[in-house]
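So the structure is just underneath, and the comments pick up after that.
We count residues from 1, following the sequence as given.
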Amino acid sequence: MSSGARQITHIAKEATVGVTPAVFARTVFEFTENGLDATVTKEESKSITSGRIARASMITGAEYAGDLGCEAKYSPLVQDLMAAAAFNDWTNDVLVFGGTKRQTFSVLRGFEDVNDYHTFRGCHVNTFSIDIPESGLIKMTFGLMALGRINTAKAPAGTVTEADSNPKMSNVSVGEILLDGVSQAGVSCLTAFSYKWDNTMQLQRCLGNGADPKAILEMGALATGSFTAAWSRNTSDMYEKQFKNKTISLKVPIEDTAGNKYEIFIPKAEIKAPLPSGGKGDILNTSFEYSAVEQAPTITRIPAPVAPAPKA
């Protein structure tokens, strides 16, 4: 029997796509959910025999995929995963989504109390999402797709670096939201926000490669999300934009208690929303769905200012 408290997730960047580093130096990932798993596809035999019991099915392929969830924080490992989702590097602390640089990881999923370890290689970040609730911790989710898996009864050799201790981010971490470049402070009230990037990856299978996929290929990218806004004259004006095919821009900053900050910027997005509904005891609001068009979304990371050294 295994305890949920004895689960581990370790991550290492790969120098070669699909090849776990020979020296498996890795970092502990502080997760809330790890759904990375292996599944097989099978085909039933159509053969006719003298009995009525079917022949055993045959495996025709394997897939390795699942979501890796965490509570948002300013973390180098989280930022590496974000860069892999964007297919880009951080340049001057700005990450532009929709690049061409492939970055992959080996992910160890372990159950320490029963000596069961699964190493997934060639993990691509297919999807990445940020969810800011009206009240609670901000969540980040990375949808992974991998090229293969091995199972061992002992953890792989290699140095393990502990997770960083940077503070988490919550709804109160959200700063001054800009809509079309205008601060919404005192103008409108946004109560929730989400952003999702989807590389719409597909598996490439080749004869001679066994059940495992040969490659994982990115297709057309989608950047979507939603935000909830309290109903007001300003919200109504934004609601009208969908009927004129007008776009909006959004900038959402989130900052931890140490002063580290992310700024999510959607430069151009189409929106749609319904009129609000509710009873006499309700605060009226509506949920806007948006889709980024024409210009790539970005995330800027801003580290906390370094305190000056005390004078002698």
[X] with [Y], same ILVMFWY side-chain cluster at under 4.5 Å:
{"X": "W90", "Y": "I264", "result": "yes"}
{"X": "I248", "Y": "I177", "result": "yes"}
{"X": "I266", "Y": "V94", "result": "no"}

Whichever hydrophobic residues join [X] through chains of side-chain contacts under 4.5 Å:
{"X": "V28", "value": "V160"}
{"X": "F24", "value": "I8, L108, Y117"}
{"X": "M219", "value": "L217"}
{"X": "L147", "value": "V17, F87, M145, M201, L203, I216"}

About how many Å separate [atom2] of [Y] and [atom1] of [X], when rounded to the nearest 0.5 Å?
{"X": "L68", "Y": "F120", "atom1": "CG", "atom2": "CZ", "value": "11.0 Å"}
{"X": "R102", "Y": "E14", "atom1": "CZ", "atom2": "CD", "value": "12.0 Å"}
{"X": "N126", "Y": "Q202", "atom1": "CG", "atom2": "CD", "value": "10.0 Å"}
{"X": "I271", "Y": "Q242", "atom1": "CD1", "atom2": "CD", "value": "6.5 Å"}
{"X": "T298", "Y": "N88", "atom1": "OG1", "atom2": "CG", "value": "11.0 Å"}
{"X": "I283", "Y": "C189", "atom1": "CD1", "atom2": "SG", "value": "8.5 Å"}

I need the full list of salt bridge (charged side-chain N to carboxylate O under 4.0 Å, His left out) pairs touching [range], with sequence neighbours left out, sorted by first then second residue.
{"range": "residues 274-292", "result": "K272-E289"}
{"range": "residues 135-149", "result": "none"}
{"range": "residues 77-91", "result": "D89-K101"}

Show the nearest heavy-atom pair for residues [X] and [Y], with the distance to one decimal.
{"X": "E44", "Y": "S57", "answer": "CA-CB, 4.0 Å"}
{"X": "F29", "Y": "L81", "answer": "CE1-CD1, 3.7 Å"}
{"X": "S249", "Y": "P267", "answer": "CB-O, 3.2 Å"}
{"X": "E30", "Y": "C70", "answer": "O-CB, 3.5 Å"}
{"X": "A62", "Y": "Y64", "answer": "CB-OH, 3.6 Å"}
{"X": "T104", "Y": "G18", "answer": "OG1-N, 4.1 Å"}

Would you say the side chain of [Y] lies within less than 4.5 Å of the side chain of [X], judging by non-hydrogen atoms?
{"X": "E263", "Y": "K251", "result": "yes"}
{"X": "T20", "Y": "T119", "result": "yes"}
{"X": "M238", "Y": "L179", "result": "yes"}
{"X": "V107", "Y": "L36", "result": "yes"}
{"X": "T27", "Y": "I11", "result": "no"}
{"X": "V174", "Y": "V172", "result": "no"}
{"X": "F105", "Y": "L144", "result": "no"}
{"X": "R205", "Y": "N209", "result": "no"}

With a 3.5 Å distance limit and no angle check, can you tell me whether [X] reaches the backbone of [Y] through a side-chain donor-acceptor pair?
{"X": "N285", "Y": "A230", "result": "no"}
{"X": "T224", "Y": "S291", "result": "no"}
{"X": "N151", "Y": "D116", "result": "no"}
{"X": "R26", "Y": "T9", "result": "no"}
{"X": "R109", "Y": "N34", "result": "yes"}

### Message
Please list all pairs meeting side-chain hydrogen bond (donor to acceptor under 3.5 Å, both in side chains) that have one or both residues in residues 155-180, counting only residues at least two apart or in different chains.
### Response
E71-K168, K73-D164, S75-D164, E176-S183, D180-K241

### Intermediate values then yes/no, side chain to side chain contact (heavy atoms under 4.5 Å, CB included), F111 and S3
CA-CA 8 Å; F111 307 89; S3 165; over 6 Å; no

side-chain contact (heavy atoms from CB on, under 4.5 Å) partners for [X], two or more places apart:
{"X": "L275", "value": "W231, Y239"}
{"X": "V293", "value": "T247, K268, E270"}
{"X": "S129", "value": "D131, T141, K196"}

### Query
Is any side-chain N of the basic residue among R121 and D212 closer than 4.0 Å to the acidic one's carboxylate O?
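Salt bridge flag = yes for D212 with R121.
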
Take atom [atom1] in [X]; do more than 12 heavy atoms of anything else shown fall under 6.0 Å from it?
{"X": "K154", "atom1": "NZ", "value": "no"}
{"X": "E43", "atom1": "CD", "value": "no"}
{"X": "E112", "atom1": "CD", "value": "yes"}

### Task
Please say which of Y262, F265, F97, F227 ends up in a ring pair (Phe, Tyr, Trp, His ring centres under 6.0 Å) with Y195.
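In the set Y262, F265, F97, F227, the residue that makes a ring pair (Phe, Tyr, Trp, His ring centres under 6.0 Å) with Y195 is F97.
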
### Query
So F128 and I130, side chain to side chain contact (heavy atoms under 4.5 Å, CB included) or not? Walk me through it.
CA-CA 7 Å; F128 165 60; I130 300 174; 3.5 Å; yes

### Query
Is it true that the side chains of S287 and S226 contain a donor and an acceptor less than 3.5 Å apart?
no

### Query
Quick one: do the S2 and D113 side chains pair a donor with an acceptor below 3.5 Å?
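Present: a donor and an acceptor within the cut-off.
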
### Query
What orientation do Y290 and F193 show, parallel under 30°, tilted 30 to 60°, or perpendicular over 60°?
parallel

### Task
Verify side chain to side chain contact (heavy atoms under 4.5 Å, CB included) between W197 and T127, making sure each step is shown before the conclusion.
CA-CA 5 Å; W197 177 262; T127 61; over 6 Å; no

### Steps toward side chain to side chain contact (heavy atoms under 4.5 Å, CB included) verdict (V252, I132)
CA-CA 10 Å; V252 181; I132 304 175; 4.0 Å; yes

Less than 3.5 Å apart, which donor and acceptor atoms pair up between the side chains of residues 299-306 and the rest of the protein, not counting sequence neighbours?
from	atom 1	to	atom 2	distance (Å)
R301	NE	D93	OD1	2.7
R301	NH1	Q79	OE1	2.8
R301	NH2	D93	OD1	3.4

